[in-house]
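Letters A, B, ... are given to chains in the order of the sequence lines, protein chains preceding strands, and every chain is numbered from 1.
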Amino acid sequence: MSTTRAKPKKPTLKVTPSSRVLNVSTSGVLRVNHSSTYARSINASVSRKSFSLAADSKILDKSSVQTPKHTVQVFDENGKDVTPQPLYQPDPAAVMSKHSKIFASDTSGGTMSDFYSTAYQTTTNASFAGPFTRSVFGSSTVSRGSQSTMESMNEEIEDPSSKRDISISLSDVQVRREEVKELIKEEMLDDVVDRYLIESETLWLLHMPAVSVSVDSEEAVSVKERNNLYMELCKNRMGNDKYVERSMQTFNGAPKTKEVQSEAITMVDAATTATTWDMYDSFRSAGLGEAALSPDTDKASVPEIVSNHRLDPTRAPERTMSVISTTSIASASSSRIEMEPFVVPSEDEPDPELVLQSEKFQQDLFVMERIILENIYQPKLAAYRQLPTLEDPDSVPKVVPTVVSRREESSLDEESTLTPALERLWSFSCELTSGHNVSSMAWNKRNPDLLAVGYGQFDFKDQKSGLICCWSLKNPTWPERVFTCESGVTTLDFSASNASQLAVGMHDGSIATYNVESREKTPVIDSSDCAHKHTSPVWQVRWIDHERGASGEDKGETLISVSADGRISKWFLRKGLDCIDLMKLKRTRNEKAKKQVGDKEKKSEALISRQAPGLCFDFHPTDSNIYLAGTEEGHIHKCSCSYNEQFLETYIAHKGPLYRITWSPFCSDVFLSCSSDWTIQLWRQDLFTPVLGFTSTQSAVYDVMWSPKWATVFGAVNEGRVEIWDLGASILDPTIVSLASPGVKLTSLLFATETDCILVGDSDGQVGVYQLKNLTVGEGTQVAALEDIIGSTLASQL
Amino acid sequence: VTVLIHHCILYKKAEVEETLKRIQGQKGVQGIIIVNAEGIPIKTTLDNSSTVQYAGLIHQLVMKARSTVRDIDPQNDLTFLRVRSKKNEIMIAPDKDYFLIVIQNPSD
């Protein structure tokens with residue numbers, strides 16, 4: 001007897017009495033079925049535990065796992081058994097013993113009978129391990145429409161089992177199967193074996209919570225209410241404002257193709273080179289407003305300086321950028337307003353006319369002219385300056401007279417082969433001066449290249465307007481300055497202290513000073529307002545530097561003039577040019593040396609005036625108090641500034657008007673005089689007769705001048721020729737003679753101070769520059785040489 | 001005062017003209033060209049094609065020369081440029097507003 005009791009190993013849980021509950025929990029299909037099985041299921045309420053309401057199924061669900069399984073059979077309307085087949089059909093024989101154990105754990109409602117037990121067992125077997133035994137007992141358990149409790153039991157039993165999850169049991173089954181197998185022996189086959197049936201856990205295969213509520217449940221009321229409400233709502237929905245059907249339609253805009261066309265963006269490549277000077281200029285222009293001119297001022301705060309030279313509009317492609325750069329610089333620099341005036345000029349287009357008239361242009365023209373002339377005159381100028389002339393390597397070789405340096409000829413052996421000569425280099429002349437007689441020439445004391453030439457007639461007849469031209473050595477074709485005077489210029493002299501001041505004496509007796517630096521055409525000062533001005537032609541003016549002022553006079557330079565009205569005047573500036581007389585040249589007789597002022601003159605001759613016209617004078621080179629004056633009578637008076645009444649000495653030898661007196665620059669006792677009596681006299685101041693007399697031609701000697709370099713050399717110009725006398729060579733004949741062009745009279749002579757050249761002015765307005773060539777002067781000190789000559793001459797005269 | 005200024009301008013213009021004439025008349029001078037800042041000749045004594053050619057070429061040369069001088073020392077500036085060639089010499093006086101170009105053959 002195998003009593004199979006289903007021991008509830010697991011605590012039976014609450015067995016809900018309400019099988020209805022279980023009913024409801026099934027599916028709709030099941031519901032139908034279960035309604036049929038409802039009556040039968042009361043007994044198996046325990047088994048129904050597996051069917052639990054969704055509402056309070058929580059505990060039930062858990063418990064249902066442990067509730068005994070009762071196969072539930074599902075029948076449809078026709079009574080057909082549609083019980084779902086278990087998923088798993090285990091091998092019945094193999095697990096039979098096992099199942100018994102399992103079922104021992106199941107609790108049962110005690111509805112097990114022996115009859116049932118086997119069936120139950122089997123069914124539970126089948127249900128529990130549903131798949132295991134189903135096939136075997138399916139037929140037995142499946143009963144059609146039978147209302148037997150057994151059937152119901154089967155059904156009940158089956159159902160839960162069918163729904164049970166057998167996963168756990170499977171594992172148990174398998175484990176136990178093995179255990180059981182070992183123990184089975186022959187002897188044990190007949191033993192009574194106890195089998196215990198236990199309810200296993202509920203295996204959920206599918207759980208679909210119900211959406212329907214049982215009428216008897218607690219919630220039924222609320223659910224019903226809600227249902228009613230909903231029904232009401234649905235009814236009311238039709239015309240209710242709360243629920244309005246509304247439809248929306250969005251407009252789809254019609255797509256439109258739109259085209260845009262733009263002008264091609266012109267691209268311009270701009271490039272610039274940032275050179276050192278460009279940056280310097282930019283810094284300068286940026287810093288000009290702040291008076292910062294150094295290139296290394298920290299203008300790093302002006303980062304947008306376009307590297308363009310703002311003040312250089314000569315670069316055409318970058319001109320457009322100049323505007324940009326100016327604005328950027330202006331905006332960056334603090335002094336914007338100050339920048340404005342700098343911006344404007346650079347943007348103006350320089351008018352071509354303005355260009356031509358600008359100062360700079362004139363300056364450039366001036367320089368250009370000189371350069372061109374230098375190209376032309378280069379050999380001549382080089383000769384003048386005693387530089388070796390350069391042969392132009394590309395020029396066609398012409399016959400160029402070789403210029404031999406002087407040093408080569410210093411040896412006496414070669415003297416015979418090369419005769420001293422005057423070589424004409426060039427002449428200062430232009431159309432302005434043609435026709436004017438050169439009356440005087442003077443070098444500028446500061447700039448030895450600047451020459452002032454006065455043009456004026458000597459004779460009282462055919463007087464033209466005078467002309468003064470300042471010539472520069474660099475431009476022999478056009479004077480640097482041209483001053484026109486009313487009357488002929490007879491004399492001029494540059495001041496030593498004020499190198500640009502030129503004193504001019506004129507034929508009408510007026511004296512004027514010009515400032516040659518300025519471009520003014522008028523004299524600085526004129527003596528025409530002076531009360532004591534000369535009434536006759538001023539024959540010589542000179543600036544004399546007094547070392548010691550006599551009788552309270554100022555030291556410094558004063559202008560001394562001698563005029564044909566017989567006065568030697570000293571001029572000074574005191575509210576205008578004013579003069580005082582240094583000396584009145586009185587007529588003297590040959591016999592008498594001096595005459596007292598105030599003594600009445602013997603009226604041995606019918607004299608027109610008591611004054612003798614003074615023609616020349618010369619101050620002593622070292623003692624500025626002593627001076628010599630030459631008169632028209634032919635007398636030479638030695639005077640002193642301290643005595644304005646008397647002469648110190650008188651030298652009488654010449655028979656005609658003295659044109660020139662000049663002290664020797666080397667021997668302070670010796671002086672030369674030349675006159676229109678065709679003679680040149682050499683005097684020593686302590687002798688009242690000339691030491692030497694030089695006569696070469698029968699024409700008046702207009703000018704004589706000592707050479708500044710050699711004590712024994714002097715030059716003289718008479719009407720037709722230039723003569724260079726070298727007393728060391730010969731005292732009888734001039735060493736060099738150069739004839740003038742026919743029809744032209746040579747009127748003045750000037751030695752160049754630094755070179756071996758002489759300037760000869762003629763009556764045609766030309767000043768010729770000649771170079772003394774091959775003039776060798778004897779060795780030894782110059783002074784000694786001259787004195788030797790004089791001494792020897794004197795000795796020979798004795 | 002305006003009359004005086006006008007007079008001065010006229011006088012200056014006359015002086016300029018005179019000087020140009022003198023230069024033109026100097027020995028060996030082949031031509032004078034005055035070019036403005038952009039390289040356009042203002043005044044010339046040569047024919048047009050030569051003038052334009054000279055102006056263009058010399059412009060570039062002067063720019064280069066000036067750039068060279070100033071690169072070495074930015075405080076320095078070019079004052080005169082002489083180009084001596086076999087046949088003649090080109091003398092250029094550059095300025096920011098103009099170029100003065102004289103072509104001379106001194107051995108003429």
Side-chain angles (χ1 to χ4, degrees), chain A residues 273 275-281 283-284 293-295 309 311-317 319 345-346 348-379 391-398 430-431 475 477-478 519, chain B residues 8-10 12-13 15-20 22-23 25-29 32 34-43 59 62-63 66-77 79-80 82 84-89 91-102 104-108:
Chain A
T273 316
T275 52
T276 317
W277 52 268
D278 214 354
M279 290 189 275
Y280 171 79
D281 283 341
F283 278 143
R284 262 200 73 190
L293 291 177
S294 63
H309 180 28
L311 294 171
D312 187 11
T314 57
R315 289 180 292 162
R319 194 170 244 280
S346 70
D348 284 342
E349 192 72 39
D351 191 21
E353 289 303 307
L354 283 173
V355 163
L356 290 175
Q357 273 129 40
S358 64
E359 278 294 324
K360 186 75 174 43
F361 183 70
Q362 282 178 358
Q363 180 71 23
D364 278 344
L365 268 181
F366 175 71
V367 171
M368 181 69 79
E369 194 184 355
R370 282 192 172 184
I371 290 173
I372 292 167
L373 287 163
E374 186 209 331
N375 272 341
I376 299 168
Y377 285 100
Q378 196 272 338
E391 285 258 346
D392 189 1
D394 298 318
S395 69
V396 176
K398 300 177 208 167
C430 66
E431 59 200 13
N475 188 348
T477 60
W478 193 260
R519 292 205 163 254
Chain B
C8 286
I9 290 170
L10 282 178
K12 276 190 182 168
K13 192 168 177 183
E15 239 183 70
V16 163
E17 293 291 338
E18 249 185 57
T19 315
L20 279 172
R22 280 208 309 276
I23 292 178
Q26 294 291 352
K27 180 183 145 207
V29 171
I32 307 173
I34 301 164
V35 179
N36 77 347
E38 267 132 26
I40 301 164
I42 306 174
K43 218 174 168 62
H59 185 93
V62 171
M63 284 303 132
R66 177 181 273 146
S67 177
T68 307
V69 167
R70 295 205 71 206
D71 263 346
I72 294 165
D73 178 8
Q75 290 174 331
N76 205 355
D77 199 5
T79 53
F80 206 87
R82 288 172 89 158
R84 185 77 180 90
S85 74
K86 269 196 202 168
K87 292 191 182 169
N88 52 21
E89 180 167 1
M91 289 162 279
I92 305 141
D95 185 68
K96 69 177 179 69
D97 290 330
Y98 62 87
F99 290 161
L100 170 64
I101 303 163
V102 176
Q104 185 197 17
N105 187 358
S107 54
D108 263 353

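- In this structure, CH2 on A:Trp277 lies 10.0 Å from OG1 on B:Thr68, to the nearest 0.5 angstrom.
- Atom CE of B:Met91 sits about 13.0 Å away from atom CG of A:Asp364, to the nearest 0.5 Å.
- Of the atoms belonging to B:Ile92, it is backbone heavy atoms, and not side-chain ones, that fall under 4.5 Å from chain A.
- Here the side chains of B:Asp95 and A:Phe361 are not in contact, with every heavy-atom distance at 4.5 Å or above.
- A distance of 8.0 Å separates CG in B:Asp73 from OH in A:Tyr280, rounded to the nearest 0.5 Å.
- Here the CD-CG distance, from B:Glu18 to A:Leu365, works out to 12.0 Å after rounding to the nearest 0.5 Å.
- Closest of all the heavy-atom pairs between A:Met368 and B:Leu100 is CE-O, 3.5 Å.
- The CG atom of A:Leu373 sits 10.5 Å away from atom NZ of B:Lys27, with the distance rounded to the nearest 0.5 Å.
- A side chain to side chain donor-acceptor pair (under 3.5 Å) with B:Arg70 is found for one member of A:Thr276, A:Thr275, A:Asp278, A:Asp281 and no other, namely A:Asp281.
- Residue with the most contacts toward chain A among B:Gln26, B:Lys43, B:Glu89: B:Gln26 (heavy-atom pairs, distance under 4.5 Å).
- Residues passing the side chain to side chain contact (heavy atoms under 4.5 Å, CB included) test with A:Glu374, sequence neighbours excluded: B:Arg82.
- No hydrogens or angles considered: nothing links the side chains of B:Thr19 and A:Glu369 as a donor-acceptor pair under 3.5 Å.
- In this structure, the separation between CD1 on A:Ile371 and CD on B:Gln104 is 10.0 Å, given to the nearest 0.5 Å.
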